[in-house]
A.B. asks: 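Got a structure for you, written out below as structure tokens; questions coming shortly.
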Amino acid sequence: MLEWIECGVVLLTAVAATIAATPLARKIAVACDAIDYPDKRRVNTRPIPRMGGVAMFIGIVASVVVIDIGVLFFGWTNPFASSASGRVDFMLVGLGVTFMLGVIDDISGLRARYKFLGQVVAAAIVSSSGLLLQNIQNPFVEGTFIEFGWLSYPITIIYLVCFANIINLIDGLDGLASGISAISAGTIFVFAALAGRIEAAILCVVVVGVCLGFLKFNHHPASIFMGDSGSLLLGLSLGVVSLLAVARSTLFISLLVPILAAGVPIMDTAAAIIRRTRAHQPIDAPDKGHIHHRLLAAGFTQEFTVFIMWAWTAMLAVCGVVLAESDGMARVVAIIVAAVVTGFAIYKLRLLDPVLKHYYNPRKSRQQRQEEEDEEVLRRLNRAAGRSAADLPNLASSSRHNTPARSNLGRERRRRP
């Protein structure tokens with residue numbers, strides 16, 4: 001049974017420990033030169049330390065220690081003693097590995113492949129605890145389940161790595177990732193508490209407390225960023241508590257609760273992958289096409305942009321809980337509200353533009369692209385030589401007799417990267 005006094009004490013511990021540790025995290029970041037300096041991609045206009053994950057990790061550790069003290073000396077119910085979802089100590093080790101991976105990246109930067117490999121290792125440690133997405137209810141045949149068998153391990157690892165990265169990718173404005181993580185964890189807490197999953201509920205309380213404590217320093221204007229040490233830690237934490245909440249559920253629709261609770265960063269990540277793939281860029285390449293960038297470009301302030309995304313997240317979270325805990329017309333209304341609001345946002349923010357542009361303007365052949373590049377180079381060369389645009393057709397059609405222009409074109413091609 002979930003004890004509300006214990007939840008309150010753990011929440012206050014997480015908040016207080018994170019607040020107390022944040023100045024230390026800032027000093028460590030400054031000493032290691034883990035600082036986000038302003039550039040054309042970033043929103044901040046002054047250097048900001050970026051190792052807030054140190055304070056978050058201390059807040060998580062302090063909360064777990066308080067839970068252990070309460071169990072040993074004050075007769076608290078051990079929320080992890082009867083866990084049928086896996087060994088919590090292995091889960092905490094996985095979180096520690098993710099945190100250290102983020103710290104290294106904040107200090108010296110890691111290549112994408114090494115960062116991804118580290119995330120896979122951390123997720124594998126968590127899955128080795130026994131926390132696995134082993135089956136889901138068959139939505140088409142009542143009373144039956146779809147068993148994943150040995151595929152449970154890769155499916156769980158992919159699930160956890162995805163959660164770690166969605167928070168990392170949406171961390172672009174002061175307080176944005178912290179607030180969304182708190183709302184998502186709070187939503188999973190409600191679902192876990194109603195379902196009687198004590199271990200998931202108490203860990204959700206820890207995540208919410210850590211986020212609230214960090215928001216004291218991370219709201220606009222932020223004095224510290226969470227960095228990869230914080231965003232990867234929060235993302236994996238959300239993945240772990242969401243699996244704890246749904247791992248023993250007999251309802252297929254319960255899987256929608258964590259997905260809808262993290263719906264905004266999931267959509268932002270999906271749009272970023274599509275956008276960068278269409279632009280032939282690496283998936284982890286930075287750009288200014290995220291949802292918060294589009295809201296800022298529309299004229300909203302940082303504070304109001306963050307508020308919009310928090311409200312959007314909260315709306316989807318409430319719809320997720322309604323879907324899982326009700327039936328009949330309430331579910332229909334929840335689905336309609338979530339679909340209409342999200343569809344309107346996608347349309348207004350033009351998140352599907354990369355897909356639509358590719359559909360209506362298919363990729364040109366290599367020969368067509370080369371011809372267009374040649375014409376552009378010729379235009380530049382003739383402008384530099386003071387020639388008129390009327391000379392371009394003669395210049396472009398000339399082959400042997402227009403030697404200077406063609407030699408210039410060859411030199412221009414060699415100079416192009």
Side-chain angles (χ1 to χ4, degrees), residues 36-48 50 165-184 187 211 214-215 218-223 225-227 231 234-235 259-320 334-361:
D36 274 352
Y37 294 98
D39 60 26
K40 62 181 181 180
R41 181 179 64 88
R42 293 189 172 93
V43 178
N44 57 297
T45 57
R46 58 190 177 87
I48 304 291
R50 61 165 181 260
N165 282 285
I166 61 174
I167 300 301
N168 185 31
L169 287 174
I170 207 170
D171 181 27
L173 292 182
D174 299 348
L176 179 58
S178 302
I180 286 179
S181 298
I183 295 170
S184 300
T187 304
C211 292
F214 188 66
L215 271 173
N218 189 233
H219 70 84
H220 186 72
S223 60
F225 294 153
M226 64 174 64
S231 60
L234 279 184
I259 293 175
L260 283 174
V264 174
I266 287 174
M267 281 183 286
D268 190 51
T269 301
I273 291 173
I274 294 172
R275 182 174 64 250
R276 292 163 186 173
T277 301
R278 292 268 43 89
H280 308 290
Q281 295 177 339
I283 292 177
D284 62 325
D287 62 21
K288 301 195 76 171
H290 290 283
I291 294 175
H292 54 273
H293 289 133
R294 294 173 184 265
L295 288 170
L296 290 173
F300 295 107
T301 63
Q302 271 208 55
E303 297 95 321
F304 199 67
T305 295
V306 170
F307 175 77
I308 290 173
M309 297 185 70
W310 284 0
W312 188 4
T313 300
M315 181 276 299
L316 291 177
V318 170
C319 289
I335 292 173
I336 292 175
V337 170
V340 170
V341 173
T342 301
F344 177 77
I346 290 174
Y347 170 75
K348 293 297 290 184
L349 295 174
R350 305 176 70 177
L351 294 181
L352 294 181
D353 268 11
V355 178
L356 297 177
K357 286 181 178 179
H358 176 64
Y359 179 79
Y360 290 111
N361 300 287

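Predicted model, so just to flag it, every value in this text is computed and none were measured.
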A.B. asks: When rounded to the nearest 0.5 angstrom, what is the spacing between CZ in F225 and CD1 in I48?
C.D. replies: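 Separation between the atoms: 5.0 Å.
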A.B. asks: Is the shortest side-chain heavy-atom distance between H220 and T305 below 4.5 Å?
C.D. replies: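 With C-beta onward as the side chain, the pair stays apart.
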A.B. asks: Grab the two heavy atoms, one from S184 and one from A261, that are nearest each other, plus how far apart they are.
C.D. replies: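 Smallest interatomic distance, heavy atoms only, reads OG-O, 2.7 Å.
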A.B. asks: Do you know the tightest heavy-atom contact between G179 and W310?
C.D. replies: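 Heavy-atom minimum between the residues: CA-NE1, 3.4 Å.
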A.B. asks: Are the side chains of T269 and N165 in touch, meaning some heavy atoms are under 4.5 Å apart?
C.D. replies: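 They are not in contact (no side-chain heavy atoms under 4.5 Å apart), so the answer is no.
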A.B. asks: To the nearest 0.5 Å, how far apart are CG in L234 and CD1 in I166?
C.D. replies: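 Interatomic distance, L234 CG to I166 CD1, rounded to 0.5 Å: 11.0 Å.
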A.B. asks: When rounded to the nearest 0.5 angstrom, what is the spacing between CE in M309 and CD1 in I180?
C.D. replies: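 Reported value, rounded in 0.5 Å steps: 4.5 Å.
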A.B. asks: So, do L169 and P265 sit near enough that their side-chain heavy atoms are less than 4.5 Å apart?
C.D. replies: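 L169 vs P265: side chains apart.
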A.B. asks: Which atom names give the shortest non-hydrogen contact between S181 and C211, and what distance separates them?
C.D. replies: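 Heavy atoms of S181 and C211 come nearest at CB-SG, 3.7 Å.
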A.B. asks: Between S231 and D171, does any side-chain donor sit less than 3.5 Å from a side-chain acceptor?
C.D. replies: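 Side chains of S231 and D171: no pair found under 3.5 Å.
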A.B. asks: Which atom pair, heavy atoms only, marks the closest approach of M226 to A177?
C.D. replies: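 Between these two residues, the closest heavy atoms are CE-CB, 3.8 Å.
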A.B. asks: So, taking the atom named NE2 in H292 and the one named CG in L176, what distance separates them when rounded to the nearest 0.5 Å?
C.D. replies: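 H292 NE2 to L176 CG: 6.5 Å, rounded to 0.5 Å.
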A.B. asks: Mark yes or no for whether D174, through its side chain, and A222, through its backbone, hold a donor-acceptor pair below 3.5 Å.
C.D. replies: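 Flag set: sc D174 to bb A222 pair under 3.5 Å.
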A.B. asks: Is the shortest heavy-atom distance from the side chain of T342 to the side chain of W312 under 4.5 Å?
C.D. replies: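 They are in side-chain contact.
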A.B. asks: In Å, rounded to the nearest 0.5 Å, how long is the span from CG of L316 to CD1 of I259?
C.D. replies: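 CD1 of I259 is found 12.0 Å from CG of L316.
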A.B. asks: Out of curiosity, R294 CZ to K348 NZ, how far, rounded to the nearest 0.5 Å?
C.D. replies: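 Separation between the atoms: 13.5 Å.
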A.B. asks: Find out whether L296 and L173 are in side-chain contact, i.e. whether some heavy atom of one side chain is under 4.5 Å from a heavy atom of the other.
C.D. replies: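 L296 vs L173: side chains touch.
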A.B. asks: So, the side chain of D268 versus the backbone of I291: is there a donor-acceptor pair under 3.5 Å, distance only?
C.D. replies: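 Yes, the answer is positive, given that a donor and an acceptor are paired below the 3.5 Å cut-off.
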